[in-house]
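This report refers to the structure that appears directly beneath it.
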Protein chains: 2
Amino acid sequence: MQITSPDLDTAANILKLLGDKTRLAIVKIVSEQECCVCEFVDLFQMTQPAISQHLRKLKDAGLVSETRRGQWIFYSLNKTCPYLTFIQTVIEQIPSQTFKLEELEAQGKRICCD
Amino acid sequence: MQITSPDLDTAANILKLLGDKTRLAIVKIVSEQECCVCEFVDLFQMTQPAISQHLRKLKDAGLVSETRRGQWIFYSLNKTCPYLTFIQTVIEQIPSQTFKLEELEAQGKRICCD
DNA sequence: AGTATTAATAAGAATATACTTATATACTGA
DNA sequence: TCAGTATATAAGTATATTCTTATTAATACT
């Protein structure tokens, strides 16, 4: 694990990405559990392209990474991001969002690939 | 000092404000030292209205507070902000910007009201 | 009072952002 | 190979953001 401290411009770019409630929730959620695109669509009641575009921004910036598993693509926090510590310090301070995943689970809408 | 943890929406709003490099630098600087508007204008090579508008956003959100001292208005980090801890945790992780104030000082451009 | 200085506000323009709908791509399983 | 599902991309639109210039407000100094 690396502990690069971001310069001002880098920090501002990361914070701008996190400064959208959908993306902030996504990052918080993937920091707690892997999650796939269609789950986010359900969670946030947004269209699939809208979610996909948020994920792309996060991926392009190196905040999240993806793994395909069958027909699903799962997103997780990118553990190799040079600014992982910075990102974690920020998201540690907001409330856990796992309750949202539990709601999905209760509706039988969680995706499982085992 | 209060330790209210921001909910997701509140956190996103704060992060959006910090997600602009000018505002992030302003907040970092006022966390280290009081500073007046014309100093920011010099520091960032921006017009006075542009700086004023950034300060207004930060003030409206409660992140900074102002005190008039003579003809100058000094800004500082708002120590009574309910989310002070959150804000401080974020800005502690970016590099100190006092070198910028030292450059101003070297040019004899710092404002002093004593 | 009159002028200079500092800062805020207003109005408008250029750009960025976050959606929408339509379409393309990639994988799965019959 | 074909149909179904999951995801990405493209193009367009509405709105938000961040500047610009012009003006106003407040204070200081003579």
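Residue numbering restarts at 1 for every chain, and letters A, B, ... go by the order of the sequence lines. Keep in mind that what you see is a predicted model, and the values were worked out from it rather than measured.
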- Whole-Å distance between C/dT17 P and A/Lys21 NZ? 19 Å

- Message: So, OP1 or OP2 of D/dT9: does either fall under 4.0 Å of a side-chain N or O from A/Arg56?
- Response: yes

- Message: Determine whether a donor-acceptor pair (N or O, by modelled atom type, separation under 3.5 Å) exists between the side chain of B/Glu39 and the backbone of B/Cys36.
- Response: yes

- Query: To the nearest Å, how far apart are B/Ile26 CD1 and D/dT18 C1'?
  - Reply: 13 Å

- CH2 of A/Trp72 versus C1' of C/dG29: gap in Å, rounded? 12 Å

- Quick one: on DNA chain D, does B/Met46 or A/Ile73 contact a more 5' nucleotide (nearest heavy atom)? A/Ile73

- Query: Closer than 4.0 Å, any side-chain N/O of B/Arg23 to the OP1 or OP2 of D/dT18?
  - Reply: yes

- Message: Treating B/Gln71 as the side-chain partner and B/Arg69 as the backbone partner, does any N or O pair qualify as donor plus acceptor under 3.5 Å?
- Response: no

- Task: Write down the distance between CZ (A/Arg68) and P (C/dT25), rounded to a whole number of angstrom.
- Result: 14 Å

- Tell me: CZ of B/Phe40 to C1' of C/dA7, nearest whole Å? 13 Å

- Query: Base, sugar-phosphate, or nothing for A/Tyr75, non-hydrogen atoms under 4.0 angstrom?
  - Reply: sugar-phosphate

- Note on the structure: Walking DNA chain C from its 5' end, the first of A/Gly19 and B/Lys59 to be reached, judged by nearest nucleotide, is B/Lys59

- Query: Is A/Gln88 reaching over with its side chain to a backbone N or O of A/Thr85, donor-acceptor style, under 3.5 angstrom?
  - Reply: no

- Message: Any side-chain to backbone donor/acceptor pair from A/Ser31 onto A/Leu77? Under 3.5 Å, distance only.
- Response: no

- Out of C/dT9, D/dT7, D/dG4, which has the shortest distance to the side chain of B/Ser52? C/dT9

- Evaluation steps, side chain to side chain contact (heavy atoms under 4.5 Å, CB included), between A/Phe44 and A/Lys100: CA-CA 9 Å; A/Phe44 301 124; A/Lys100 288 192 177 154; 4.2 Å; yes

- Among D/dA10, C/dT17, D/dT7, the one nearest any side-chain atom of A/Cys36 is D/dT7

- May I ask you to say what B/Lys16 touches in the nucleic acid, namely base, sugar-phosphate or nothing, with a heavy-atom cut-off under 4.0 Å? sugar-phosphate

- Query: Is there a donor-acceptor pair under 3.5 Å between the side chain of B/Ser52 and the backbone N or O of B/Pro49?
  - Reply: no

- A/Gln48 CD to C/dA26 P: how many Å, rounded? 15 Å

- Counting just side-chain N and O atoms, does A/Lys57 come under 4.0 Å of either OP1 or OP2 of C/dT17? no

- Message: What's the closest nucleotide to the side chain of B/Ala50 if the choices are C/dA7, D/dT27, D/dT20?
- Response: D/dT20

- Item | Side-chain N,O (A/His54) to OP1/OP2 (C/dC19) below 4.0 Å | yes

- Check: A/Gln53 side chain, D/dA8 base, donor-acceptor under 3.5 Å: no

- Could you check which of C/dC19, C/dT6, C/dA8 has an atom nearest any side-chain atom of A/Thr22? C/dC19

- Does A/Asp20 or A/Gln71 map to a spot on DNA chain C nearer the 5' end, using the closest nucleotide for each? A/Asp20

- With the side chain defined as heavy atoms from C-beta on, A/Pro49 is closest, among D/dA10, D/dT17, C/dA18, to D/dA10

- Task: Specify the separation, in whole Å, of atom CD1 of A/Ile51 and atom C1' of C/dT21.
- Result: 16 Å

- Task: Specify the separation, in whole Å, of atom CD of A/Gln45 and atom P of C/dC19.
- Result: 14 Å

- Message: So, OP1 or OP2 of C/dT20: does either fall under 4.0 Å of a side-chain N or O from A/Thr47?
- Response: yes

